There are 2 protein chains.
Amino acid sequence: MNADQIRKNLVAKGLKITPQRMAIFEAIIVLHNHPTADNIIEYIRNKYPNVATGTVYKVLDALVENELIKKVKTDKDVMRYEAELDEHHHLYCCESNRIEDYRDEELNTYLENYFRTKSIPGFTIKDIKLQINGRFTEEANRKQFSNNK
Amino acid sequence: MNADQIRKNLVAKGLKITPQRMAIFEAIIVLHNHPTADNIIEYIRNKYPNVATGTVYKVLDALVENELIKKVKTDKDVMRYEAELDEHHHLYCCESNRIEDYRDEELNTYLENYFRTKSIPGFTIKDIKLQINGRFTEEANRKQFSNNK
DNA sequence: CTGCGTGCAAATGGTTTGCACTACG
DNA sequence: CGTAGTGCAAACCATTTGCACGCAG
């Protein structure tokens with residue numbers, strides 16, 4: 001996702017294009033590994049000083065509200081964010097706090113098939129997300145560039 | 001789960017049996033709909049006054065630590081808790097904050113089958129939880145006794 | 001008795017809010 | 001220009017912590 005695409009998305013939602021919003025988008029994309037608000041603030045402070053903490057939260061809220069980014073659930077109490085909007089699942093490492101995307105089209109249709117025939121009484125499904133809990137192998141951890149603690 | 005069972009579980013983990021811990025267990029079970037720490041505190045205050053807020057958090061932490069209860073992930077920033085320890089999934093209502101358990105043995109084996117043949121490179125799966133997002137029907141909401149806002 | 005568990009109140013820290021100011025369109 | 005967006009600092013509030021006391025084993 002490049003700057004032009006981001007600008008287009010903002011306009012499409014009736015949001016004004018501001019350097020702060022562009023910077024926050026950049027941060028989420030560059031940090032890529034489901035950064036916390038704090039990670040984002042830290043990243044931005046280096047490149048674009050004088051962006052207020054409150055602004056970052058307000059922008060993040062606005063972007064989530066307008067479905068331009070998503071909140072990611074964690075066991076811990078801090079929120080994380082991602083700019084990946086396509087259908088995908090998450091791998092949670094129970095040792096580190098690492099979260100990795102998992103895309104699997106075959107799995108999605110496999111699940112669709114299941115719930116096509118089996119409906120849940122009193123509930124209308126909108127979408128299904130898998131929380132795949134487990135451990136990254138040593139090798140996978142070595143390849144990780146994430147700065148999430 | 002009755003009081004004796006709870007006592008047994010505490011002892012098995014080397015935790016002392018205290019009225020506070022019993023009360024908190026009772027609260028989680030009675031409130032049943034994935035209560036927040038606040039819900040639990042409110043419940044306890046009525047039946048057993050003079051239980052400190054800090055104690056509730058400490059007990060909840062200890063119980064989670066010892067795998068006697070579980071934290072439930074939410075989009076919101078408040079933690080929720082549950083005493084259901086068997087494998088199950090969650091239905092998230094995107095309108096209310098309601099969370100309902102979803103048990104489906106057939107689905108579990110269906111998923112196991114899938115991941116038996118398809119492994120994820122660099123990652124060892126421990127368990128898989130479905131976040132089923134959607135909406136409860138009007139009827140289902142009327143049947144709800146939950147006190148979660 | 002001995003130390004785990006509790007009560008209390010203060011501290012923490014992520015997030016929100018109010019308001020005056022700025023700048024996008 | 002008018003209003004959405006920002007900066008700032010104070011407020012909020014769920015959760016954590018430190019320490020003296022109490023009670024379970």
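Lettering of chains follows the sequences in order, A, B, ..., and the numbering in each one begins at 1. Just so you know, these numbers come straight off a predicted model, no measurement behind them.
The interatomic distance linking A:R21 (CZ) with D:dG7 (P) rounds to 11 Å, in whole Å. Atom CG in A:D61 sits roughly 9 Å away from atom P in C:dT17 (whole-Å rounding). Between the C1' atom of C:dT6 and the CD1 atom of B:I24 lies a distance of 10 Å, rounded to the nearest Å. The nearest whole Å value for the distance from the CD1 atom in A:I6 to the P atom in C:dC24 is 17 Å. Between B:M79 atom CE and C:dG14 atom C1' there is a gap of 13 Å when expressed in whole angstrom units. Protein atom CD1 of B:I41 is 14 Å distant from nucleotide atom P of D:dC13, rounded to whole Å. When the P atom of C:dT12 is taken as reference, atom CG of A:D38 falls 17 Å away, rounded to whole Å. In this structure, B:E65 atom CD and D:dT16 atom P are separated by 11 Å, rounded to whole Å.
Listed by chain and residue number, nothing satisfies the side chain to side chain contact (heavy atoms under 4.5 Å, CB included) test with A:N50 (two or more places apart in sequence, or in another chain). Checked against ring-ring contact (aromatic ring centres under 6.0 Å, His included), B:H90 has the following partners two or more places apart in sequence or in another chain: B:H34, B:H88. The side chain to side chain donor-acceptor pair (under 3.5 Å) check on B:D61 picks up nothing, with sequence neighbours excluded. Under the side chain to side chain donor-acceptor pair (under 3.5 Å) criterion, A:T109 pairs with no residue at all, not counting sequence neighbours. Qualifying ring-ring contact (aromatic ring centres under 6.0 Å, His included) partners for A:Y57, counting only residues two or more places apart in sequence or in other chains: none. Not counting sequence neighbours, A:N46 has no partner by the side chain to side chain contact (heavy atoms under 4.5 Å, CB included) test. Listed by chain and number, the residues in a side chain to side chain donor-acceptor pair (under 3.5 Å) with B:R103 are B:E84, B:D86 (sequence neighbours excluded).
In this structure, the helix from C:dC1-D:dG25 to C:dG25-D:dC1 shows an angle of 40° between the axis at its start and the axis at its end, each fitted on 5 base pairs and rounded to 10°.
Pairs of residues two or more places apart, or lying in two chains, that qualify as ring-ring contact (aromatic ring centres under 6.0 Å, His included) and include a residue from residues 99-131 of chain B are A:Y110-B:Y110, A:Y110-B:Y114, A:Y114-B:Y110, A:F136-B:F123.
Nucleic acid contact class of B:A62 (heavy atoms, under 4.0 Å, all strands): none.
When the side-chain nitrogen and oxygen atoms of A:Q20 are compared with OP1 and OP2 of C:dA23, none of them lie within a distance under 4.0 Å.
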Pair up each side-chain donor or acceptor in residues 14-28 of chain B with any protein partner under 3.5 Å, not counting sequence neighbours, and list the distances.
from	atom 1	to	atom 2	distance (Å)
B:T18	OG1	B:R21	N	3.1
B:R21	NH1	B:K16	O	2.8
B:E26	OE1	B:Y48	OH	2.7
B:E26	OE2	B:Y43	OH	2.7
B:E26	OE2	B:K47	NZ	2.9

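If you check the side chains of B:E112 and B:N108, you find no donor sitting under 3.5 Å from an acceptor. When only modelled atom types and interatomic distance are considered, B:E100 and B:N33 share a side-chain donor-acceptor pair under 3.5 Å.
Within residues 43-60 of chain B, the residues having any heavy atom closer than 4.0 Å to DNA chain D are, in order of number, B:G54, B:Y57, B:K58.
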Within the sub-3.5 Å range, which N or O atoms of nucleotides 21-25 of chain D have a protein N or O partner, and how far apart are they?
from	atom 1	to	atom 2	distance (Å)
D:dA24	O3'	B:I17	O	3.2
D:dG25	OP1	B:I17	N	3.1

